[in-house]
Amino acid sequence: MRRRDLLAGLASVGVLGGAGAVATGGVPNSLGGGASSGESDTLGENDSDGSETDDNAQEPIEPVTIDTIEAPGSRDGEVTLPAPDTPTFVDFFGTWCPPCAEQMPALAEAHDRIGNEVLFVSVTTENVGEVVSEETIADWWREHDGDWLVAADTSAELAARLSINGYPSARAIDATGRVRWATSGTHTTEEFVKGIERALDG
């Protein structure tokens, strides 16, 4: 790992409230979750894949508007997450996170299969524009065959609202803004599709 990448990763983790967690390690409990990689975090009922769902979902998540990045399948602009009145799938990643890169093929296949039924977005909390450039994000995106919307949550406000404690993490949110599937760690295409379907059925 290059020193620059490590520093970018530590800086983005620091924004979330705890320096020292790298890749999929957990961030301390300052955000209310407490789970690390491969563990469930924000909801009540465990599934066999280590994720959590809750048919009696909690209160809707307050939307946050963040900047998007010009990259393959993406555009320069803004996106509001969760999307109003639209099921939303949010994948949290870091360019410094090897497991995030490893699961990109599974995400790409899930996007191909079901991405037209939800707003499908990958989000980094790296300090884009200061610690890491938009070009670095776009190059990483291109290298790992990303072809959907990519955005930067530089204030980590969205990550805090969704209780993101490790990387990679994902949330499937229904059209009312309630999280229906929450997970950390890497997953298969089938697991992503199953999680997104919960938001569609919500």
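All of these numbers come straight from a predicted model, not from anything done at the bench.
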Side chain to side chain contact (heavy atoms under 4.5 Å, CB included) between Gln103 and His144, worked out = CA-CA 9 Å; Gln103 78 168 8; His144 298 290; over 6 Å; no
Considering only distance and modelled atom types, tabulate donor-acceptor pairs under 3.5 Å from the side chains of residues 72-81, sequence neighbours left out.
unit_1, atom_1, unit_2, atom_2, d
Ser74, OG, Ile69, O, 2.7
Ser74, OG, Val150, N, 3.1
Ser74, OG, Val150, O, 3.3
Arg75, NH1, Thr68, OG1, 3.4
Arg75, NH1, Glu78, O, 3.2
Thr80, OG1, Thr65, OG1, 2.8

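- Under a 4.0 Å N-O distance rule, the pair Glu157/Arg161 qualifies as a salt bridge.
- A salt bridge does not link Arg180 to Glu197: none of the charged side-chain nitrogens sits closer than 4.0 Å to a carboxylate oxygen.
- Residues passing the side-chain contact (heavy atoms from CB on, under 4.5 Å) test with Ala138, sequence neighbours excluded: Ala71, Arg142.
- Looking at heavy atoms from C-beta onward, Ser122 lies in side-chain contact with Trp148 at the 4.5 angstrom threshold.
- Counting all heavy atoms, side chain and backbone alike, Ser184 lies closest to Ser169 at OG-OG, 2.9 Å.
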query = What's the verdict on side chain to side chain contact (heavy atoms under 4.5 Å, CB included) for Ile173 and Leu162, showing C-alpha distance, side-chain angles and the deciding distance?
reply = CA-CA 10 Å; Ile173 306 162; Leu162 292 173; 4.0 Å; yes
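- For Glu135, the side-chain contact (heavy atoms from CB on, under 4.5 Å) test picks out Ser133, with sequence neighbours left out.
- Interatomic distance, CD of Glu126 versus CG of Asp153, reported as 11.5 Å (0.5 Å rounding).
- Using a distance-only test at 3.5 Å, with no hydrogens or angles considered, no donor-acceptor pair links the side chain of Arg113 to the main chain of Val193.
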key: Verdict with reasoning, Thr95 to Thr124, per side chain to side chain contact (heavy atoms under 4.5 Å, CB included)   = CA-CA 8 Å; Thr95 59; Thr124 181; 5.6 Å; no
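- We find the CD-CG distance between Glu109 and Asp112 to be 7.5 Å, quoted to the nearest 0.5 Å.
- Closest approach of Val128 and Ala152 over heavy atoms only: CG2-CB, 3.7 Å.
- Residues His111 and Phe89 are not in side-chain contact: their nearest non-hydrogen atoms beyond the backbone lie 4.5 Å or more apart.
- Checking side-chain atoms of Thr88 against main-chain N and O of Thr86 turns up a donor-acceptor pair under 3.5 Å.
- Contact of the Met104 side chain with the Trp141 side chain is registered, since non-hydrogen atoms from C-beta on lie closer than 4.5 Å.
- Closest heavy-atom contact between Ala151 and Ile66: CB-CD1, 3.6 Å.
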task = I would like to know whether Lys194 and Trp181 meet side chain to side chain contact (heavy atoms under 4.5 Å, CB included); could you show each step before the answer?
result = CA-CA 9 Å; Lys194 181 179 173 187; Trp181 185 63; over 6 Å; no
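- Shown here for Ala110 and Phe120, the closest heavy-atom pair between the two residues is C-CE1, 4.2 Å.
- The salt bridge (charged side-chain N to carboxylate O under 4.0 Å, His left out) pairs that include a residue from residues 79-97 number zero, where partners must be two or more places apart or lie in different chains.
- Side-chain contact between Asp145 and Pro105 is absent, with no heavy atoms from C-beta onward closer than 4.5 Å.
- Applying the side-chain contact (heavy atoms from CB on, under 4.5 Å) test to Glu117 and every residue at least two apart in sequence or in another chain returns Ile114, Leu200.
- From Ile61, atom CD1 reaches atom OG1 of Thr176 across 10.0 Å, with rounding to the nearest 0.5 Å.
- Between Leu107 and Phe93 the shortest side-chain heavy-atom distance does not fall below 4.5 Å.
- Remark: Phe92 engages no residue in a ring-ring contact (aromatic ring centres under 6.0 Å, His included) (not counting sequence neighbours).
- When every heavy atom of Trp140 is checked against every heavy atom of Gly94, the shortest pair comes out as CZ2-O, 4.2 Å.
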